[in-house]
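What you see is a predicted model, and the numbers here were worked out from it, not measured in a lab.
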Amino acid sequence: MTKDESLSGYNDRAKTIGLLAIVAFGLITAALLAGWIDTRRPAADPNVVDESLYLKGQTARRLSLSFSGLAADWYWMRSLQYVGGKIVNMPENVVFDNLEQLNLKLLPSLLDTATTLDPEFFQPYEYAAAVLPAVDVNEAIRIVQKGSAANPSNWRLYQHLGYLYWQKQDYKSAAEAYGNGAQIPGAPQWMQAMKARMLADGGSRSTAREIYLRMYEQSTDNNIRTMARHHVFQIDAADQLEVLQKVLAEFQTRNGRCTSGWKELQSELRTLQMPIDSTGAPVDPSGAPYVLATNCQVQLSPTSEVPAK
Amino acid sequence: MLGRILAIAHNTFREAVRDRVLYNLVLFVLLLTGAAIFIGELSGGQERKIIVDLGLSAMLLFGVFIAIFVGVGLVYKEIERRTVYSIFSKPVGRGEFIVGKYLGLCLTLLVNVIVMGAGVSLALVYVSRGWDPMIPGIWPAVLLIYVELMILTGVTLLFSSFSSPALSALLTFFVFIIGHFSADLKSLASSMGSAGARWLFTGLYYLVPNLSNYSFITPAAHGRTPEPAFVMAAIVYALIYITVILAAATLVFSKRNFK
């Protein structure tokens, strides 16, 4: 190798290293600068964040050409991020089916657009039925009705419609929804039974238990299953609390004082066949022991999974 | 004649491979791999649907870009490099040249689409942790996407036989957009008051290929497949359309002087 060739090779390597250094330095500087700009950006105005969507569902559908399914996925994920973002920013715990405090103004439009873009997309309908009643129950009904019109063979949309009407205490419409769903081939027998139950006993606790049990069985969405499970717990706990309160009142009548502990009530608890823990305290559906309060009252343990309200 | 067409098609395919057109597959694989791994956290249990929507949409989009941006250069590059003169100094007809170029690009797109379809299938296997019943269901949609790309390739070739690459790309892109609005053209025609406007929009509806016939991405993501009769009719429609376009392209190209 001549001296000139060696010098030229050295120059080439130096040039390559120099260019690589510029690329690396430039990227690092740009990233640092972007981070600095982010910290100085004024906080987003919540009113702007909740601004209505630029595109309505039908317009978005036309503009999406062949990509309407992908656009629907985008709006669906945006719905989840929108709710998730609001939950994360809330200081206290929120219950999945009572998100009223989150001010989810944009959620109906997001779910409506997702279902207009892809009318067969079941998850947004189910989500609308579970979450939207806290925001706008009529909008939830409209979206689920749109879903049942677009998917006439999907009985589960009628199940959700019945649930929404039941929440509105419109038992006649709820019965009608369950009845319509029951007509669909493949619908389970209990849909017909729910129709009768709505008409006869729509406002009862046992009907509520049945509704949430069926929702728990049918849903594949973990949030909805957890919500339904908590409701079943809540209803069962309400029944148990009533019974326990009665036992405590009878004890007070018999002895002229409140019970000093669950040990004194073992025979009554055995008669009631209530599950008890190792200390002899009856346990709620989530497995937490009931707590004796002052004035002969019984209440849920603070560690209980059963929602208090 | 067939031998000459196949030779041109083979060369066009080789040129596309040499031009690294198939490198888009790397991007596609990265996109799908990323989606398969990360989408589960964002989609609320809808990863299978999103994989199919994303995979097939990317397949169509990448295919459209290849059909347009490679297609516009097929004829133009030969003229620019003056290789067209040496081709036509041999016993090669203008029609053979156009059809050969067309088939070469269609072959490139076929390889692209098959590899992408296999990629989507593998991504489904990954997210389902095994065989997924949706896998056979995506292939009719893949076939329809390919047929749509065949039509667009023909349209690109037609435009590039008489105009510049930029204008050809723009016009083909318009055809792609309008082709998906065919149903609107028809309803627009029926809602028009004047007979002239009705004729115009009805004429446009029949003139522009109805590409919405090939939109089966969203149903495929729900595990639905088109009726075989529908697929057959869509293919026959495409073949007729492609024949017309290639004939028109040959006609226009024949009028150009390369002597």
Side-chain angles (χ1 to χ4, degrees), chain A residues 57-85 87-88 96 107 110-111 114-131 147 150-151 153-154 156-157 218-227, chain B residues 31 35 38-64 120 134 138 141-142 144-145 147-149 152 173-185 187-188 210-224:
Chain A
Q58 284 299 340
T59 316
R61 188 170 189 182
R62 276 165 201 277
L63 293 180
S64 61
L65 304 176
S66 271
F67 311 107
S68 59
L70 190 63
D73 299 339
W74 171 256
Y75 276 98
W76 163 240
M77 288 194 282
R78 252 186 92 182
S79 309
L80 297 180
Q81 301 308 312
Y82 176 67
V83 176
I87 290 176
V88 166
F96 184 69
L107 188 61
L110 286 169
L111 293 174
T115 52
T116 304
L117 282 162
D118 184 355
E120 286 179 60
F121 197 0
F122 179 74
Q123 243 60 32
Y125 296 121
E126 191 173 46
Y127 199 71
V131 177
N151 304 277
S153 59
N154 192 336
R156 288 194 55 207
L157 286 163
Q218 299 298 329
S219 183
T220 51
D221 186 306
N222 281 338
N223 283 323
I224 292 172
R225 279 170 65 84
T226 307
M227 178 270 280
Chain B
L31 183 79
F38 299 114
I39 216 79
E41 290 176 29
L42 302 169
S43 65
Q46 296 303 298
E47 49 272 67
R48 291 165 66 239
K49 175 186 173 343
I50 295 176
I51 290 284
V52 175
D53 277 332
L54 185 68
L56 297 188
S57 297
M59 184 187 292
L60 177 60
L61 200 64
F62 285 26
V64 168
V120 176
M134 275 175 99
I138 64 165
V142 172
L144 289 176
I145 288 173
V147 176
E148 179 174 347
L149 295 176
L152 276 179
F173 190 66
F174 283 156
V175 169
F176 174 66
I177 303 278
I178 298 169
H180 282 279
F181 282 110
S182 286
D184 293 292
L185 283 176
S187 62
L188 205 63
N210 188 348
L211 299 179
S212 58
N213 289 340
Y214 305 94
S215 291
F216 250 82
I217 297 175
T218 308
H222 293 292
R224 283 206 294 119

What part of Phe181(B) gets closer than 4.5 Å to chain A, counting heavy atoms only: side chain, backbone, both or neither?
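Contact with chain A involves the side chain of Phe181(B) alone.
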Where does Phe176(B) contact chain A at under 4.5 Å (heavy atoms): side chain, backbone, both or neither?
side chain
Can you tell which part of Leu80(A) gets under 4.5 Å to a heavy atom of chain B, answering side chain, backbone, both or neither?
side chain
If every non-hydrogen atom of Ser68(A) is compared with every non-hydrogen atom of Thr218(B), which pair is closest and at what distance?
OG-OG1, 3.3 Å
Can you name the closest pair of heavy atoms from Ser43(B) and Met77(A) and give their distance?
CA-CG, 4.0 Å
Distance (rounded to the nearest 0.5 Å) between Asp73(A) CG and Ile50(B) CD1
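Interatomic distance, Asp73(A) CG to Ile50(B) CD1, rounded to 0.5 Å: 4.5 Å.
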Nearest-0.5 Å distance that lies between atom CD in Gln46(B) and atom CG in Asp221(A)
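One finds 8.5 Å between CD of Gln46(B) and CG of Asp221(A).
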So if I take each residue of residues 51-63 of chain B and look for any heavy atom under 4.5 Å from a heavy atom in chain A, which residues do I end up with?
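Residues Asp53(B), Leu54(B), Ser57(B), Leu60(B), Leu61(B) are the ones that qualify, each having a heavy atom under 4.5 Å from chain A.
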Which residue pairs pass the salt bridge (charged side-chain N to carboxylate O under 4.0 Å, His left out) test when at least one of the two sits in residues 210-223 of chain B, sequence neighbours left out?
none
Do the side chains of Gln123(A) and Lys49(B) get nearer than 4.5 Å, heavy atoms only?
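Result no, sub-4.5 Å side-chain heavy-atom pair not found.
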